[in-house]
Amino acid sequence: MTEIKHHAYLFDATRCIDCRACMVACSVENNIDMDKTRIWVAGLGVTGEYPELQRGTMVYHCMHCDHPDCMSACPVGAYTKADDGPVTYNPDLCIGCRYCMNACPFGVPHFDYDKGIIEGAFIDKCTFCPQRIYNGQEPACVETCPTDALEYGDREELIAKAHARIAEHPTRYIDHVYGEFENGGTSYLILSHVPFSELGLPNLPETPVNEVSEKVMEMTIPFALGWGAVLTAVTTGVALYDKKKEKSAADKKAETTK
């Protein structure tokens, strides 16, 4: 594999068989339950009547946008965009305001309602497997895909490959590479034989949505910071309460041993 300047995925909906091996691989790689996998499947499923059947499946995970709306909307800097593609999330900074969920046009970040304030990690999403790609490996979902519906490589090379595939099979594909320009460009590129909207993908302009979200955040940051202060106070209060309980229990134990 050549040097990767901008990490990216290419998903080909014509090759996906909906086996969901990618979901299992993601769950195993990140040690998370299957019901919290960072990949989900959308689309049409199987349509038509036998023998004229076709499948329209979309494997969804973080789009790793070039201009991330989640990062623009986050008031505490919990999101970071790497120059070479991946968008990462730091749960230690998150205050659980969920602005990223509202800002993301793809509906990617999701709130973990099973975790409380003390446990942290409010939001979960695809990480792009940095522990793998920066060690010369493919993301877990790509490595496990049995039909090469998911591919990994340099963004420019994958875009060229996608356009070459369209040119070679013009009747098989819609003449468009989704993610090349949508929302300012993404690191998750998609080829399809059915309208992208039918795969559950939004119809977005080339101008990044975060130009709007940043203006909104100028008005909402004071509220977010206030909410962060509330969460901090609650966390501190719980910690003090626990310490008082421990001290009380220790005092009672000391009294019984006298």
Side-chain angles (χ1 to χ4, degrees), residues 1 4 6-47 53-65 68 70 82 84-89 101 104-112 121 123-155 157-159 161-162 165 172-174 177-180 182 186-194 196-202:
M1 185 180 291
I4 295 178
H6 187 142
H7 302 269
Y9 298 91
L10 173 61
F11 173 72
D12 190 332
T14 70
R15 297 184 178 188
C16 182
I17 58 174
D18 201 3
C19 68
R20 311 199 178 195
C22 54
M23 296 174 66
V24 176
C26 176
S27 199
V28 171
E29 177 67 28
N30 295 288
N31 192 29
I32 52 178
D33 296 336
M34 272 298 295
D35 63 349
K36 294 180 181 177
T37 180
R38 294 164 180 169
I39 297 175
W40 68 99
V41 175
L44 297 170
V46 177
T47 58
L53 299 173
Q54 73 169 355
R55 178 182 293 281
T57 301
M58 170 68 192
V59 171
Y60 250 111
H61 53 50
C62 182
M63 301 293 283
H64 296 279
C65 301
C70 55
D84 58 353
V87 176
T88 55
Y89 161 78
M101 294 174 62
C104 178
F106 303 101
V108 169
H110 54 279
F111 190 81
D112 190 344
I123 300 292
D124 206 3
K125 76 170 197 70
C126 160
T127 63
F128 217 134
C129 287
Q131 72 279 12
R132 295 177 63 88
I133 65 174
Y134 293 129
N135 285 293
Q137 297 177 287
E138 296 178 324
C141 57
V142 175
E143 186 176 79
T144 198
C145 182
T147 61
D148 290 331
L150 278 169
E151 296 180 67
Y152 163 76
D154 184 83
R155 187 174 187 271
E157 292 181 6
L158 290 177
I159 289 173
K161 177 185 283 190
R165 199 174 291 176
R172 180 185 301 176
Y173 296 101
I174 291 175
V177 180
Y178 190 97
E180 182 177 4
E182 276 80 6
T186 69
S187 296
Y188 193 65
L189 307 162
I190 300 155
L191 285 175
S192 180
H193 54 305
V194 299
F196 295 103
S197 60
E198 294 182 6
L199 294 180
L201 290 161

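Excluded from the calculations below are hydrogen atoms, water molecules and symmetry mates; all remaining heavy atoms, backbone and side chain alike, are included. Computed from a prediction, not measured in an experiment: that's the story for all the values here.
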For Tyr60, which residues count as a ring pair (Phe, Tyr, Trp, His ring centres under 6.0 Å) partner, sequence neighbours excluded?
->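 Scan of Tyr60 (ring pair (Phe, Tyr, Trp, His ring centres under 6.0 Å), adjacent residues dropped) gives Trp40.
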Mind checking ring pair (Phe, Tyr, Trp, His ring centres under 6.0 Å) for His110 and listing every partner two or more places apart, or none if nothing turns up?
->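 His110 satisfies ring pair (Phe, Tyr, Trp, His ring centres under 6.0 Å) with no other residue.
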State the [atom1]-[atom2] distance between [X] and [Y], to the nearest 0.5 angstrom.
X	Y	atom1	atom2	result
Thr37	His61	OG1	NE2	9.5 Å
Arg132	Glu29	CZ	CD	5.0 Å
His193	Asp12	NE2	CG	9.0 Å
Leu150	Cys16	CG	SG	7.5 Å

Member of Cys62, Cys65, Pro68 meeting the side chain to side chain contact (heavy atoms under 4.5 Å, CB included) criterion with Val108 =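 With Val108 as partner, Cys62, Cys65, Pro68 yield a single side chain to side chain contact (heavy atoms under 4.5 Å, CB included), made by Cys62.
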Matching residue for Val177 among Ile190, Leu158, Leu191 - test: side chain to side chain contact (heavy atoms under 4.5 Å, CB included) |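 Testing Val177 for a side chain to side chain contact (heavy atoms under 4.5 Å, CB included) against Ile190, Leu158, Leu191 leaves exactly one candidate, Leu191.
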A side-chain contact here means heavy atoms from C-beta on lying under 4.5 Å apart; do [X] and [Y] qualify?
X	Y	result
Phe11	Leu189	no
Pro109	Cys104	yes
Arg38	Asp124	yes

Aromatic plane relationship, Tyr178 with Phe106 - under 30° parallel, 30 to 60° tilted, over 60° perpendicular |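 Because their plane-to-plane angle is over 60°, the rings of Phe106 and Tyr178 count as perpendicular.
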Give me the ring orientation class for His64 and Phe128: parallel if the planes are under 30° apart, tilted from 30 to 60°, perpendicular past 60°.
->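 Tilted.
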Do the side chain of Lys125 and the main chain of Val87 share a donor and acceptor less than 3.5 angstrom apart?
->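 Such a contact is found between Lys125 side chain and Val87 backbone.
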What pair of heavy atoms forms the shortest contact from Glu182 to Thr186, and how long is it?
->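 For Glu182 and Thr186, the tightest heavy-atom pair comes out as O-CG2, 3.9 Å.
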Pairing of Glu151 and Arg165 as salt bridge, 4.0 angstrom limit |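 Looking at Arg165 together with Glu151, the answer is yes, because their closest N to O distance falls below 4.0 Å.
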Apply ring-ring contact (aromatic ring centres under 6.0 Å, His included) to Tyr188 and His7, showing your working.
-> CA-CA 9 Å; Tyr188 193 65; His7 302 269; over 10 Å; no
Does any donor atom in the side chain of Gln137 or Gln131 lie under 3.5 Å from an acceptor atom in the other side chain?
->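 No, no side-chain donor-acceptor contact under 3.5 Å.
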